[in-house]
**Student:** 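Structure in structure tokens, see below.
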Amino acid sequence: LAVIDGLLTTIGGQTPETSFPEPTNVLQSQSNRRWTERFPPMTILDVDNKKFDMAVVQTGNSVIVIGGEHHGQRVDMLDATTSVWSALHEIPGYCDRGASAAVCGDELYVQNKDGDVFQCFLDELKDDSKPEGSVWTEAATLLYSDPTLGSLCGQAVAIGGGDSRSIQAYD
């Protein structure tokens, strides 16, 4: 979920009408209790980016979509002011299902289901002059797998994971 132009918006997901749901690349915003397609689907450079269970974060007018089932290393961004999708530097750690992400200041943190946390600076993530694989660093390995990543007082924090009730802060 994201909030674009003040409207709750879903990104990707699965079609519910079959016994084997298919991934989708559709964005739908809720307005007047109805869901409508207001933005173009996640299709970048002729890659039909259908996926589900990915990490989504917002920063300003940008929505960043990381990993997900079917395209685990892809990082894509929607500029909500222009409705244009662009591919960003891929994440080196496979972020299949269950990844989460948080923006803390000018940094983006992404955690995969194994508890590995990767970090990059937002301006470098969008920089085409950087060599592939040079913008992401492995920041930490968490004590528990499958936590939820968030931001608290400018720090990346991991909440829970496994059977844990812990909160871990990345400093």
**Student:** Taking C-beta and beyond as the side chain, do I64 and V56 meet within less than 4.5 Å on heavy atoms?
**Tutor:** no
**Student:** Please list, chain by chain and in numerical order, all residues satisfying side chain to side chain contact (heavy atoms under 4.5 Å, CB included) with T82, sequence neighbours excluded.
**Tutor:** D79, V84
**Student:** With sequence neighbours left out, what residues match A55 under side chain to side chain contact (heavy atoms under 4.5 Å, CB included)?
**Tutor:** I66, A99, A101
**Student:** Could you pull out the closest heavy-atom pair between L78 and S83, with the gap in Å?
**Tutor:** CD1-C, 3.8 Å
**Student:** Looking at OG of S62 and NZ of K126, how far apart are the two atoms once the value is rounded to the nearest 0.5 Å?
**Tutor:** 4.0 Å
**Student:** Is there side-chain contact between D76 and L88, with heavy atoms separated by less than 4.5 Å?
**Tutor:** no
**Student:** What is the minimum heavy-atom distance between P131 and H89, and which atoms define it?
**Tutor:** O-CE1, 3.8 Å
**Student:** Looking at residues at least two apart in the chain, or sitting in another chain, which of them share a salt bridge (Lys or Arg N to Asp or Glu O under 4.0 Å) with E124?
**Tutor:** K130
**Student:** Quick check: do V75 and V110 have side-chain heavy atoms less than 4.5 Å from each other?
**Tutor:** no
**Student:** Just wondering, more than 12 heavy atoms not from D128 lying within 6.0 Å of its CG?
**Tutor:** no
**Student:** What pairs with E107 under side chain to side chain contact (heavy atoms under 4.5 Å, CB included), at least two apart in sequence or on another chain?
**Tutor:** Y109, Q119, F121
**Student:** Grab the two heavy atoms, one from E138 and one from D116, that are nearest each other, plus how far apart they are.
**Tutor:** OE2-OD1, 3.6 Å
**Student:** I'd like to check W136 versus L108 (side-chain heavy atoms, cut-off strictly below 4.5 Å). Are they in contact?
**Tutor:** yes
**Student:** Residues in side-chain hydrogen bond (donor to acceptor under 3.5 Å, both in side chains) with D127, at least two apart?
**Tutor:** S129
